[in-house]
Amino acid sequence: MKRAHIHLRDALEKALRELGIDAPTVTLERPRDPAHGDIATNAALVNAKPLKLAPRVLADKLHGSLALDASLVSCEGVAGPGFINFRFANDYLQSLVALTICEPGTFGRTGDLSGRRVLIEFVSANPTGPLNVVSARAAAVGDSLTRIFRELGAQCDAEFYVNDAGNQVELLGQSVLARYLTLLGQEKEIPEGGYYGEYIADFAKELAAEHGDSFVTAESNSAAALLGRKAMERHIEMHRKSLEHFRVSMSNWYRESALRENEAEWQAFRELERRGTIFEQDGAKFVRTSDFGDQQDWVVVTSQGKPTYFLPDIAYHWDKFRRGYDHIIDILGPDHHSYLTKMAAAMAALGEEPKRLEIMLLQHINLLRDGEPVKMSKRAGQIVEMDELVDEVGVDAARYFFLLRRTSTPLDFDIELAKRQSDDNPVFYVQYAHARIASIFRRGQLEVPIMAEHLELLTHEEELILIRRLREISDVMLDCAVSRDPHALTAWLREVAAQFHRFYHHCRVLTSPAELQTARLCLCRATQIALQRGLALCGVHAPQEM
RNA sequence: ACCCCCGUAGCUCAGUGGAUAGAGCACCGGCCUCCGGAGCCGGGAGCAUGGGUUCGAGUCCCGUCGGGGGUGCCA
């Protein structure tokens with residue numbers, strides 16, 4: 001898909017070598033202004049100094065000595081301080097349409113990240129209640145990133161870390177037990193730090209209906225432990241269903257309880273101890289993270305001899321390192337901001353390369369209704385559930401909206417806008433373009449083209465601009481992968497849709513002469529494939545009609 | 001006090017160290033004998049601030065001001 005770039009880079013390197021540069025580095029960039037062509041290079045500016053030439057002079061020399069294949073790119077000349085500009089040949093652009101419709105599966109594929117192993121952990125909500133809208137944003141971003149990495153050829157796993165061990169199981173159990181006993185006429189308080197959500201009471205009602213008073217007679221602590229595990233499994237199942245409905249599929253559900261069964265947290269502790277990074281103070285065991293770049297040291301074992309949450313987390317991340325991933329990405333909420341230096345320091349203390357761990361802080365979301373802040377929850381305003389939002393606006397709009405902003409920016413999510421069936425709704429604007437193409441085929445009672453014919457007739461400016469847009473998907477995907485942020489994809493989709501509408505307005509399809517009609521139908525088909533691909537990476541459907 | 005994120009058009013936001021900083025919304029004006037007007041065409045203004053790095057800074061570094069978030073022997 002990128003042969004014009006490869007050809008051009010080879011030609012520039014060859015020309016520079018002939019001028020006496022031993023190891024030329026050539027960077028190709030896309031000019032901001034389309035009038036400057038499709039590709040620009042600053043090769044003359046960068047290499048002018050060692051050759052003791054003025055940049056413009058070197059640019060002219062290069063310009064004169066380049067051997068370019070005119071069916072791919074041509075040189076537009078030297079501009080500005082010494083940029084050399086190039087333009088794609090129409091032949092090349094037309095060949096991209098042919099490739100797209102003949103082999104749709106290859107569209108946008110470059111294999112840029114093939115062989116790379118990536119792990120993305122996201123959502124990882126505590127199984128003590130339903131998923132909220134913050135998890136929903138994480139789910140949308142994490143899943144789209146996973147899809148993008150895979151599309152680029154990386155082997156990418158999506159992982160949910162289930163905190164199904166430790167203190168909270170017990171607290172959850174006691175909360176359920178309290179609700180349950182209250183239902184059966186015994187006064188019982190929810191413990192300090194327990195869970196008050198209505199879903200706890202719902203669960204208690206089900207227990208009472210199903211099992212009567214059989215948990216009343218049991219010894220209180222063991223009943224709480226049992227109910228805690230039951231409630232937790234129920235929440236994990238709810239999370240799984242919510243995510244599945246949201247079109248998110250995890251490669252692994254990694255359970256903390258499994259980790260603890262192997263005593264992995266103690267293995268990690270002994271390794272830290274062996275490396276001399278553990279010290280004791282006031283009866284508690286600290287890891288000396290301050291030796292590895294953190295601001296402070298952290299407790300890993302309390303004076304009661306129990307591990308803090310940090311120790312199993314260390315063990316978990318250590319396990320990720322030992323599973324051999326090149327990039328270990330955590331998507332966390334903004335409140336986990338101390339986690340990066342902390343965990344990176346812990347990994348360094350274990351002798352791992354901390355740079356392999358990347359922690360992305362996903363900013364929070366503000367729900368709005370026609371511009372006014374809302375609390376959506378039916379449950380006393382405590383939490384805003386993911387399922388409520390998705391039920392109201394639909395999976396397509398929810399997923400797309402979550403990708404509209406950079407992850408480092410808080411997101412205003414306007415529920416009414418997401419539901420609106422009009423062109424100011426960005427997801428509708430893009431889906432409409434796809435449906436409109438489908439309707440052209442329906443209206444003309446035409447088969448969707450699978451063969452490229454008469455593409456040399458695609459010479460209208462709007463046609464060529466559209467093809468240029470489609471071509472950009474490879475660059476956009478790589479940009480998303482490198483920045484660990486899929487938001488550029490939605491911008492690209494909007495551009496493709498907008499350019500398709502311009503093409504549609506200026507270039508008649510069905511009423512054109514037969515050969516031109518065939519060519520334009522091919523372009524419509526290529527656009528349709530591009531929109532499908534881009535929307536699929538967002539986890540959004542491409543409808544045939546709306 | 002310290003740490004992190006963010007200050008770009010009226011609003012919401014894009015902008016891999018490159019050329020005249022871009023979109024969407026909102027606002028105003030055009031376009032339906034025409035494949036879906038859920039569309040198209042046209043119209044304005046802006047990099048918080050002071051230094052530094054260099055051929056070149058919205059972008060990188062330091063400071064200041066302003067907004068947000070974080071800093072448990074909780075998870």
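FYI, side chains are in, hydrogens and waters are out, and symmetry mates aren't considered; it's all heavy atoms of this structure. Chain letters run A, B, ... following the sequence lines, proteins first and then strands; every chain starts at 1.
Side chain of A:Trp298, nearest nucleotide from B:C6, B:G72, B:U12: B:G72. The side chain of A:Arg442 approaches B:G36 more closely than any other nucleotide in the set B:C35, B:G36, B:C74. Taking every side-chain heavy atom of A:Asn167 into account, B:C74 is the closest of B:G68, B:C74, B:C13. With distances taken from any side-chain atom of A:Tyr309 to the nucleotides B:C55, B:U12, B:A75, the minimum falls on B:A75. Distance from the side chain of A:Thr302 is smallest for B:C73 among the nucleotides B:C35, B:A75, B:C73. Which of B:U12, B:C35, B:C73 sits closest to the side chain of A:Tyr504 comes down to B:C35. The nucleotide whose nearest atom lies closest to any side-chain atom of A:Gln295 is, among B:C2, B:U12, B:C35, B:C2. Among B:A19, B:G37, B:A75, the nucleotide with an atom closest to any side-chain atom of A:Tyr432 is B:G37. Of the listed nucleotides (B:G68, B:C55, B:C73), B:G68 has the atom at the smallest distance from the side chain of A:His364. Relative to the side chain of A:Leu45, the nucleotides B:C35, B:C55, B:A19 differ in distance, and B:C55 lies closest.
A:Asn42 places no side-chain N or O within 3.5 Å of a backbone atom of A:Leu45 that could act as its donor or acceptor partner. Judged by distance alone, with hydrogens and angles left aside, the side-chain atoms of A:Arg255 form no donor-acceptor pair with the main-chain N or O of A:Val162 at under 3.5 Å.
Contact between the side-chain N/O atoms of A:Thr27 and the OP1/OP2 oxygens of B:G18 is not found at any separation under 4.0 Å. Distances shown here put a side-chain N or O of A:Arg502 below 4.0 Å from the OP1 or OP2 atom of B:C41. The phosphate of B:A23 (OP1 or OP2) has no side-chain N or O of A:Arg494 nearer than 4.0 angstrom. Checking the phosphate oxygens (OP1, OP2) of B:G15, a side-chain nitrogen or oxygen of A:Arg406 falls inside 4.0 Å.
When the P atom is compared between B:C28 and B:U16, the two are found 34 Å apart, to the nearest whole Å. Between B:C11 and B:G7, the two P atoms lie 14 Å apart (nearest whole Å). For the P atom pair drawn from B:U53 and B:C62, the interatomic distance equals 15 Å after rounding to whole Å. Rounded to whole Å, the P atom of B:A23 lies 15 Å from the corresponding atom of B:G15. Annotation: B:C47 and B:U8 have their P atoms spaced 11 Å apart (nearest Å). Going from the P atom of B:G37 to that of B:A21 covers 36 Å, rounded to whole Å. Rounded to the nearest Å, the gap between the C1' atom of B:A14 and that of B:C25 is 14 Å. With C1' as the reference atom, B:A57 and B:C73 are 48 Å apart, rounded to whole Å.
A distance cut-off of 5.5 Å between ring centres, combined with a plane angle under 30°, places A:His36 in a stacking arrangement with the base of B:A19. Residue ring and base: A:Phe83 counts as stacked with B:A19 (centre distance below 5.5 Å, interplanar angle below 30°).
Across all strands shown, A:Cys507 has heavy atoms under 4.0 Å from base atoms, whether or not it also approaches the sugar-phosphate. Contact annotation for A:Gln431: no contact, since no heavy-atom pair falls under 4.0 Å across all strands. Residue-level contact check: A:Pro55 touches neither bases nor backbone, having no heavy atom under 4.0 Å from any strand. Residue contacts shown for A:Ala433 are absent, as no nucleic acid heavy atom lies under 4.0 Å away. At a threshold of 4.0 angstrom between heavy atoms, the contacts of A:Ala79 include nucleobase atoms, whether or not backbone atoms are also involved. Contacts of A:Asn42 with the nucleic acid, taken as non-hydrogen atoms under 4.0 Å apart, include base atoms. Among the protein residues, A:His337 comes within range of the nucleic acid bases, having at least one heavy atom under 4.0 Å from a base atom. Among the atoms of the strands shown, none is found under 4.0 Å from any heavy atom of A:Asn366. Note on A:Asp282: a base of the nucleic acid sits closer than 4.0 angstrom, heavy atoms only. Using a 4.0 Å heavy-atom criterion, one finds that A:Glu545 contacts the bases of the nucleic acid, with or without backbone contacts as well. Here A:Gln281 lies in heavy-atom contact (under 4.0 Å) with a base.
Evaluation of atom-type donor-acceptor distances gives no pair under 3.5 Å for the side chain of A:Asp33 against the base of B:A21. With hydrogens and angles ignored, no donor-acceptor pair closer than 3.5 Å exists between the side chain of A:Ser408 and the base of B:C5. Counting atom types as modelled, A:His505 pairs no side-chain N or O with a base atom of B:C41 as donor and acceptor under 3.5 Å.
Remark: P of B:G24 and NE2 of A:His501 are 12 Å apart, rounded to the nearest angstrom. Separating the CG atom of A:Leu28 from the P atom of B:G18 is a distance of 14 Å, rounded to the nearest angstrom. Rounded to whole angstrom, the span from the CG atom of A:Asp412 across to the P atom of B:A26 amounts to 16 Å. The distance between atom CD of A:Glu265 and atom C1' of B:C73, rounded to the nearest whole Å, is 16 Å.
Residues A:Tyr316 and A:Glu159 bring a donor and an acceptor atom of their side chains to less than 3.5 Å of each other. Using a 3.5 Å distance cut-off with no hydrogens or angles, the side chains of A:Arg405 and A:His487 do not pair a donor with an acceptor. For the residue pair A:His364/A:Arg137, the side-chain donor-acceptor check at 3.5 Å is not satisfied.
Base-pair partner of B:C2: B:G70 (Watson-Crick or G-U wobble, both distances under 3.5 Å). Partner assigned to B:A23 is B:U12, using Watson-Crick or G-U wobble distances below 3.5 angstrom. Base pairing of B:G7 is made with B:C65, judged by Watson-Crick or G-U wobble geometry with both donor-acceptor distances under 3.5 Å. Across all strands shown, B:G30 is found opposite B:C40 as a Watson-Crick or G-U wobble partner, with both distances under 3.5 Å.
Ring orientation note: the planes of A:Tyr504 and A:Phe500 are tilted relative to one another, at an angle of 30° to 60°. Note: A:His235 and A:Tyr199 have perpendicular aromatic rings, judged against thresholds of 30 and 60 degrees for the angle between ring planes. In this structure, A:Phe279 and A:Phe286 have parallel ring planes: the angle between them is below the 30° cut-off, well short of the 60° mark.
A heavy-atom distance below 4.5 Å is found between the side chains of A:Leu172 and A:Met232.
Base orientation of B:C32: syn, the glycosidic angle falling within 90° of 0.
Residue whose closest nucleotide on RNA chain B sits further toward the 5' end, between A:Phe503 and A:Met546: A:Phe503. Both A:His487 and A:Thr41 lie near RNA chain B, and the one whose nearest nucleotide falls closer to the 5' end is A:His487.
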Residues A:Arg520, A:Gln517; criterion side chain to side chain donor-acceptor pair (under 3.5 Å); working and verdict:
CA-CA 5 Å; A:Arg520 286 182 171 166; A:Gln517 183 197 85; over 6 Å; no

